S.K.: 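Quick one: this structure, given as structure tokens, is what I'll be asking you about.
The shown structure was predicted, so the numbers you read here are calculated from the model rather than taken from an experiment. Atoms considered below: every heavy atom in the structure, side chains included; atoms not considered: hydrogens, waters and symmetry mates. Letters go in sequence order (proteins before strands), and every chain restarts at 1.
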2 protein chains.
Amino acid sequence: MQQRLAAAGLRATHQRILILESLLVLPGHPTAEQVHRQVMANTPTVSLGTVYKTLDSFVEVGLTKRVASADAQCRRYDSDCSEHHHLYCTDTKEIIDYCNPQLDALIRDFFAKQGLENFQPHSFSLHIAGTRVS
Amino acid sequence: MQQRLAAAGLRATHQRILILESLLVLPGHPTAEQVHRQVMANTPTVSLGTVYKTLDSFVEVGLTKRVASADAQCRRYDSDCSEHHHLYCTDTKEIIDYCNPQLDALIRDFFAKQGLENFQPHSFSLHIAGTRVS
DNA sequence: CTTTTGTGGAGAATCATTCTTACCTGTGAC
DNA sequence: GTCACAGGTAAGAATGATTCTCCACAAAAG
């Protein structure tokens, strides 16, 4: 944990370690609020403001990402920084991570061949809306 | 305009017509605030609360969509309800609509063949992050 | 015409997020 | 060790977007 922070150029303070750990432990795409609750379970003196600021600095240095959400009234963070896609269940509003290297390759190839006018793509993320079936 | 509202099952009031027109006129993905300003230019008596409520009801009946945005501090609406993708410029934070039927077909085929476990996809939207080049 | 229902305006209330301020802690210079 | 400093943190105020409440009004139904 300390190494990851150091590698990112952040001082490995107690709070940052806790917040990073909490983020990794929490499933899915937690909000700042949820991270704060998780942190509080361990150390009840960390303030919500610190969680916000720390998460933002994590995003800045690439330790975490913000996930886009159309209806969210609040921001969500994703500790998985590798490229991946999202399944969005329109019933439960759940967002599920989805990883598929074949799909990545397909998309990458498509844009390598076709190209985009006036735009240099760096990363792709497919948002798949639908419903869960049992 | 009236027909579109009626078809969606909404009473075609003066305010709704105005808001729908404003939404169509505004380029890109306006915020409720921007729609309100546009509406005010024409009829300065429409309240911001009405714009919010009306936009939400438009989303409910499918007259408009919310666009997902990772860093947005506020919601944005998209009057273009056809399937399309988004180019996101990491420099200017601009979101540009991008439409490509070939790409749609490619993705559709991929999932038609492969399928997803426990998930029935309805629509796809690709988020392409990168930078604009002149 | 009267009743019923849906709609809109104004502003208060709420919620997430950011900012401000003052305090604290670890670090390096001496 | 001690001093000064820089960065980090807590607490709460401030902000900004969104939602809610409440009342008035207008349109449709009977």
Side-chain angles (χ1 to χ4, degrees), chain A residues 1-2 5-6 8-23 26 29-40 42-61 63-78 93, chain B residues 1-2 4-6 8-23 26 29-40 42-61 63-77 93:
Chain A
M1 219 48 75
Q2 272 127 344
L5 287 168
L10 293 176
R11 214 148 82 181
T13 65
H14 186 53
Q15 286 89 338
R16 285 186 183 154
I17 295 171
L18 267 168
I19 292 169
L20 185 51
E21 275 171 353
S22 301
L23 191 62
L26 285 165
H29 308 97
T31 63
E33 195 77 45
Q34 291 173 319
V35 173
H36 184 233
R37 261 201 296 279
Q38 176 68 26
V39 169
M40 294 290 268
N42 187 308
T43 308
T45 57
V46 178
S47 88
L48 181 57
T50 299
V51 172
Y52 272 104
K53 203 155 41 120
T54 304
L55 286 174
D56 282 352
S57 56
F58 284 1
V59 170
E60 232 166 84
V61 300
L63 276 174
T64 180
K65 275 183 178 172
R66 291 214 183 110
V67 294
S69 172
D71 9 56
Q73 56 291 67
C74 59
R75 288 183 185 159
R76 290 178 178 280
Y77 295 86
D78 190 344
K93 320 261 184 225
Chain B
M1 219 48 77
Q2 272 127 344
R4 293 189 62 176
L5 286 167
L10 292 176
R11 226 195 257 172
T13 66
H14 186 54
Q15 286 88 337
R16 286 185 182 155
I17 295 171
L18 267 169
I19 291 169
L20 186 51
E21 276 172 350
S22 300
L23 191 61
L26 285 165
H29 308 97
T31 63
E33 195 77 46
Q34 290 173 318
V35 173
H36 184 233
R37 259 200 297 279
Q38 176 69 26
V39 169
M40 294 289 269
N42 187 309
T43 308
T45 57
V46 179
S47 87
L48 181 58
T50 299
V51 173
Y52 272 105
K53 212 168 15 146
T54 305
L55 286 175
D56 281 352
S57 56
F58 284 0
V59 170
E60 232 167 84
V61 299
L63 275 175
T64 179
K65 277 182 177 172
R66 290 212 183 111
V67 294
S69 172
D71 14 50
Q73 57 293 66
C74 61
R75 288 184 185 157
R76 291 179 176 279
Y77 296 86
K93 319 263 185 221

S.K.: A:His36 pairs by side chain to side chain contact (heavy atoms under 4.5 Å, CB included) with which of A:Gln38, A:Met40, A:Gln34?
M.R.: A:Met40
S.K.: Could you state the CG-P distance from A:Leu10 to D:dG7, rounded to the nearest angstrom?
M.R.: 13 Å
S.K.: Under 3.5 Å, which donor-acceptor pairs do the side chains of residues 11-19 of chain A form with other protein atoms, sequence neighbours left out?
M.R.:
residue	atom	partner	partner atom	Å
A:Thr13	OG1	A:Arg16	N	3.2
A:Arg16	NH1	A:Arg11	O	3.0

S.K.: Write down the distance between CG (A:Leu55) and C1' (D:dT9), rounded to a whole number of angstrom.
M.R.: 15 Å
S.K.: Drop me the distance from A:Thr54's OG1 to A:Leu20's CG, to the nearest 0.5 angstrom.
M.R.: 10.5 Å
S.K.: Could you report the tightest heavy-atom contact between A:Leu48 and A:Ala32, atom names first, then the distance?
M.R.: CD1-O, 4.3 Å
S.K.: Could you state the CE-P distance from A:Met40 to D:dA11, rounded to the nearest angstrom?
M.R.: 8 Å
S.K.: By a strict heavy-atom criterion of less than 4.0 Å, which residues belonging to residues 12-19 of chain B are in contact with DNA chain C?
M.R.: B:Thr13, B:Gln15, B:Arg16
S.K.: If I compare all heavy atoms of B:Ala68 with all of A:Ala68, which pair ends up nearest, and what's the gap?
M.R.: CB-CB, 3.8 Å
S.K.: Between C1' on C:dT18 and CD on A:Glu60, what's the gap in Å once rounded to a whole number?
M.R.: 14 Å
S.K.: Can you tell me the distance, in whole Å, between the CD atom of A:Gln34 and the P atom of C:dC15?
M.R.: 16 Å
S.K.: Kindly give the atom pairs (protein nitrogen or oxygen, nucleotide nitrogen or oxygen) under 3.5 Å for nucleotides 13-20 of chain D.
M.R.:
residue	atom	partner	partner atom	Å
D:dT18	OP1	B:Arg75	N	2.5
D:dT18	OP2	B:Tyr52	OH	2.3
D:dT18	O5'	B:Tyr52	OH	3.4
D:dT19	OP1	B:Arg75	NH1	3.0
D:dT19	OP2	B:Asp56	OD2	3.2

S.K.: Do you know which two heavy atoms are closest between B:Val61 and B:Ala8, and how far apart they sit?
M.R.: CG1-O, 3.6 Å
S.K.: NZ/B:Lys53 to OG/B:Ser47 distance, rounded to the nearest 0.5 angstrom?
M.R.: 8.0 Å
S.K.: Would you give the length of the straight line joining atom CG of A:Leu23 to atom NE2 of A:His29, rounded to the nearest 0.5 angstrom?
M.R.: 10.5 Å
S.K.: Can you sort out the partners of B:Asp56 under side chain to side chain donor-acceptor pair (under 3.5 Å), two or more places apart, ordered by chain and number?
M.R.: B:Arg66, B:Tyr77
S.K.: In chain order, what residues pass the side chain to side chain donor-acceptor pair (under 3.5 Å) check against B:Tyr52, with sequence neighbours excluded?
M.R.: none
S.K.: For D:dA10, take OP1 and OP2 only and decide whether either is under 4.0 Å from a side-chain N or O of A:Ser47.
M.R.: yes
S.K.: Backbone N or O of B:Val59 within a donor-acceptor pair of the B:Thr64 side chain at under 3.5 Å?
M.R.: no
S.K.: I need the CG-P distance between B:Leu20 and C:dT7, as an integer number of Å.
M.R.: 15 Å
S.K.: Report, as a single string ordered 5' to 3', how protein heavy atoms within less than 4.0 Å touch nucleotides 24-30 of chain D: B base, S sugar-phosphate only, - not at all.
M.R.: -------
